[in-house]
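The next block holds one structure in the form of structure tokens; read it before the comments.
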Amino acid sequence: MESGLGLEATELRLGLPGAGGEGEGAKKRGYEETIDLKLQLQTPADVKELEEAADNMVKKTPSVKNVAQCGSIVEPEKPPASKAQVVGWPPVRSFRKSILSFHSDKGGSNMEDGEKSCNSMASFMKVSMDGAPYLRKVDLKMYKSYQELSMALQKMFGSFTNNGNCVSQGMSGKDFINESKVMNLLNRSEYVPTYEDKDGDWMLVGDVPWEMFVNSCKRLRIMKGSDAIGLAPRALEKCKNTS
Amino acid sequence: MVGRFRWAAMFPDEVWEHVFSFLTSDGDRNAAALVCRNWNRIERRSRKRVFVGNCYSVAPTVAVRLFPEVRAAVIKGKPHFADFNLVPSDWGGGAEAWVEAMAEGWPNLEELRFKRMVVSDDCLDLIARSFKNFKVLSLVSCDGFSTSGLAAIAANCRHLRELNLRESEVEETCLNWISHFPEPFTSLVALDIACLEGEVNASILERLISRCSNIMTLRLNHSVPLERLVGLLQRAPQLMDLGTGKFSARHNPQLFSRLESAIVGCKNLRSLSGFWEPGLTYLPAVYSICEGLTSLNLNYATVQNPELVKIISRCKNLRRLLVMDLIEDSGLVAVASSCKLLQELRVFPSDPYDAAEPVSLTEHGLVAVSAGCPMLHSVLYFCRQMTNAALLTVAKNRPNLTCFRLCIIEPHTRDYVTQEPLDTGFSAIVESCKDLRRLSLSGLLTDLVFKSIGASANYLEMLSIAFAGDGDMGLHYILSGCKNLRKLEIRDCPFGDKPLLQNASKLETMRSLWMSSCSVTLGACRQLARAMPRLNVEVINESGRGPLAAQPDNCPVEKLYIYRTIAGPRTDTPQCVWTV
């Protein structure tokens, strides 16, 4: 293989089950396909839903970059600014990632009181999933959008859900204004992501802009959809109050 | 006719037991056990320490029955790549079966050390209640438990000497678990709670430390503020190993001088770690004890080169240094001239993913240390560029290397001067360092490097390979050479079925083989499993294609974990794991 930086190995590819890529790709997977983030087990209806949500998101929050990729069959271009991340590479332990946000100026003198360093540190959130025996952690600062977080959660907890997970569906940003859509999602979803915010309230993930979410989230919990129905009205209320 | 001299009967069993008690290493005891049946029986019945490198290699009940007098056990679970999230979280490594068997058969157990195991609170509870003489609990890189489980240990283990939670993930359900150590409890010698993320009640900790006059190791977590550290040090001036908490506070000259004197008062301090969020004003407080330090762990210290050098250049007796790449080449030059007794160096990346502000740590730092530190034998080095010339120099300077782990962060990186692969450099390492036991490769590598490794690395026990090689021959060279290979872990290499099948019997001489994102097919796994009944061939497919039993032979295998075992296939595999 030939490429200046050998980025093939680190290329992100997204594709849907049953779509062209899978059939041929399945036969011989070499080391090029390091990451194969597939949104598995979604029905075409779900895909449509996602695409709509994705379109909406693009219109409303133009800052979110990777949105369109989730619902489409087209392979995205290589991420421009930050390099695509290969799972488990470089081989550093996860807790080390908290040091990664150290982007201080060379002087280093603002590390004086502990205070300033807090903002640049990562925000590790505990993620629990109902029924799963293990707690995981995510560093929200590693992601730039709900979509990225969704994919990460799917990788972590995918093996626990048998009907794939509709985690990604729950996150459509400001789309939660639509109450019936929310109820639809909750009724059909086996699992929905929720989080506890600074006020101690449990909210559905996705109802506030991403940055606000990162700053106010204290912990995450992937609940059974039926349990989360009670959360929807509050989420909408908070949304109406803030928007 | 050869006379059968029953020389084992020369002496009563007790005498042989006494002789064997001088064999301290597991390997020696294992060798003695193979001499004859009598020695086998006597050795295993008197064995006090047992090491189980793979928890699935033997059934717990069998191990407990074979070695009835064990007082200390070490058990390891998940494969090493679990550290980097390559192993599904539900893969296994649960400790229940072991703890239950031990509770039943080893009531006199004193020391238990788990690594990469999933240990539940129920397990901790059982441990707390089952071993009346329990002294050491070490949970390294473990998870599955909470501080409630720790509270049970604290409350019930009257003679506990060591509680070590290094790099474990602990859920914090019970806030003041430390208060569960009862008042009369005074036996603690070592406490490592650095991994805890939540608040630790410093007052309760202080009271505990005050009454444990033998405390030698105390590694705090980041929640313990500098002000409280002073109090702890004043109560434990005999400390040899200290892990600080957060190492910054508001500018306060009084606090600084109290801290400095408290540290000076710890005349036995040999090992220092912690240093979370270090503030520049307080780092100088440690200068006074630097000369006595043999081990210094600054890998959380996000400070720049000048501050790092000020500390490290005072550490003339340092044997072990862990630091971030913020030390840069110039800092490593300082290490090379100041730390002449250095044996182990680990340099970690401060920013493993985005080199937003590139750090000037290159191959030059590594070469400098290899030249200046004659006793250096263990290296872990993360960097972004390398040359064959540098590796050749390191190999020439340090033929005494036993562990060489180089991680060039970008996969497939070439020698940046010649644009060649790094084959010659790594070949030089294995050819020169005849005692090399552990090697991790990185950068652009062809099958040539594997040919050298297979031929020269005669004592190599653990090899880690990523994004390397051209094809099957690479793996074949390794498996047909490397006489002492125990653990092989491979990811993202174009190695397929042939070398595995051709070297099937080699796999039984090793502890384990991990391969992920390579070119192995299910058919080969099936063949291997059929041919080698004493291997467990575990196929891990997380993308949910359906039951593996139904898949065709040419189905690619995402992740493969093969290990030798006398316990047969395990019964606790999750959905994504299939023992072929």
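The figures here come from the full heavy-atom set of this structure, side chains too, leaving out hydrogens, waters and symmetry mates. Per chain, numbering begins at 1; letters A, B, ... match sequence-line order.
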B:R491 side-chain N/O to A:G88 backbone N/O, donor-acceptor pair under 3.5 Å: yes
Sub-3.5 Å donor-acceptor pair from the side chain of A:W89 to the main-chain atoms of B:E410, do we have one? no
With a sphere of 6.0 Å drawn around CZ of B:R166, does it hold more than 12 non-hydrogen atoms of other residues, nucleotides or ligands? no
Engaged part of B:L86 at the chain A interface, taking heavy atoms whose separation is under 4.5 Å: side chain
For B:I408, which atoms come within 4.5 Å of any heavy atom of chain A: side chain, backbone, both, or neither? backbone
Could you tell me whether the side chain of B:F81 reaches within less than 4.5 Å of the side chain of A:P91, counting heavy atoms only?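 They are not in contact (no side-chain heavy atoms under 4.5 Å apart), so the answer is no.
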For chain A, which of B:S120, B:P225, B:S141 has the most heavy-atom pairs under 4.5 Å? B:S141
